[in-house]
Amino acid sequence: MTRLSVDFEHSPRTWWENGGQALWDGISDDFDENAIVLDDTLAESWLAQARKIAGWDAGPEYAPHPIHAAPADEDLE
């Protein structure tokens, strides 16, 4: 399982304004949801789409992408 979460340290809005918001809204259940857990295959498919949207790599070195992906169990440590 993979946890996808909004990286609030990624300050550029480019990705969100170029279709990222619609992509995120399409996978999350709630408008205000900031993290979701998905099957690894679905998460990778979603990330492949996300990477195609302009602005994906526009953030600073410490937060290069608007969405952070991590193993779901990593957050429990």
Side-chain angles (χ1 to χ4, degrees):
M1 300 295 281
T2 300
R3 182 177 190 266
L4 301 178
S5 58
V6 174
D7 190 339
F8 292 104
E9 293 186 354
H10 178 94
S11 57
R13 296 287 309 157
T14 307
W15 183 82
W16 296 99
E17 293 168 356
N18 285 321
Q21 185 69 58
L23 187 65
W24 180 255
D25 291 347
I27 198 76
S28 63
D29 291 332
D30 184 359
F31 176 73
D32 292 330
E33 196 164 22
N34 296 319
I36 55 173
V37 175
L38 301 171
D39 173 84
D40 291 338
T41 304
L42 181 57
E44 187 51 46
S45 174
W46 188 91
L47 286 166
Q49 292 287 329
R51 290 180 190 114
K52 294 177 183 178
I53 298 173
W56 177 255
D57 293 319
E61 186 176 321
Y62 59 88
H65 313 297
I67 303 296
H68 175 74
D73 60 343
E74 183 178 287
D75 295 327
L76 300 176
E77 297 177 3

Item to check | Test side-chain contact (heavy atoms from CB on, under 4.5 Å) applied to Val6 and Ile67, step by step | outcome: CA-CA 5 Å; Val6 174; Ile67 303 296; 4.1 Å; yes
Next on the checklist: Let's go through Asp57 and His65 carefully: what are the C-alpha distance in whole Å and the side-chain angles of both, what is the deciding distance for side-chain contact (heavy atoms from CB on, under 4.5 Å) to 0.1 Å, and is it a yes or a no?
Outcome noted: CA-CA 5 Å; Asp57 293 319; His65 313 297; 2.7 Å; yes
Checklist entry - Can Glu9 and His68 be said to form a side-chain contact (heavy atoms from CB on, under 4.5 Å), step by step? => result CA-CA 10 Å; Glu9 293 186 354; His68 175 74; over 6 Å; no
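Rounded to the nearest 0.5 angstrom, Ile27 CD1 and Glu33 CD are separated by 10.0 Å. A distance of 6.0 Å separates CG of Asp39 from CE of Met1, quoted to the nearest 0.5 Å. For the atom pair OG1 of Thr2 and CG of Leu38, the computed distance is 7.5 Å after rounding to the nearest 0.5 Å.
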Distance-only check: which donor-acceptor pairs under 3.5 Å involve side-chain atoms of residues 42-52, not counting sequence neighbours?
{"residue": "Glu44", "atom": "OE2", "partner": "Arg51", "partner atom": "NH1", "Å": "2.9"}
{"residue": "Trp46", "atom": "NE1", "partner": "Leu23", "partner atom": "O", "Å": "3.3"}

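Taking the side chain to side chain contact (heavy atoms under 4.5 Å, CB included) definition, one finds that Asn18 meets it with Thr14, Ile53, Ala54, sequence neighbours left out.
Of all the heavy atoms in Pro66 and Gly55, the pair that sits closest is CD-O, 4.5 Å. Of all heavy-atom pairs between Ala58 and Pro12, the closest is O-CG, 3.3 Å.
Residues Trp56 and Phe8 fall within the same hydrophobic cluster, defined by Ile, Leu, Val, Met, Phe, Trp and Tyr side chains chained together at heavy-atom separations under 4.5 Å.
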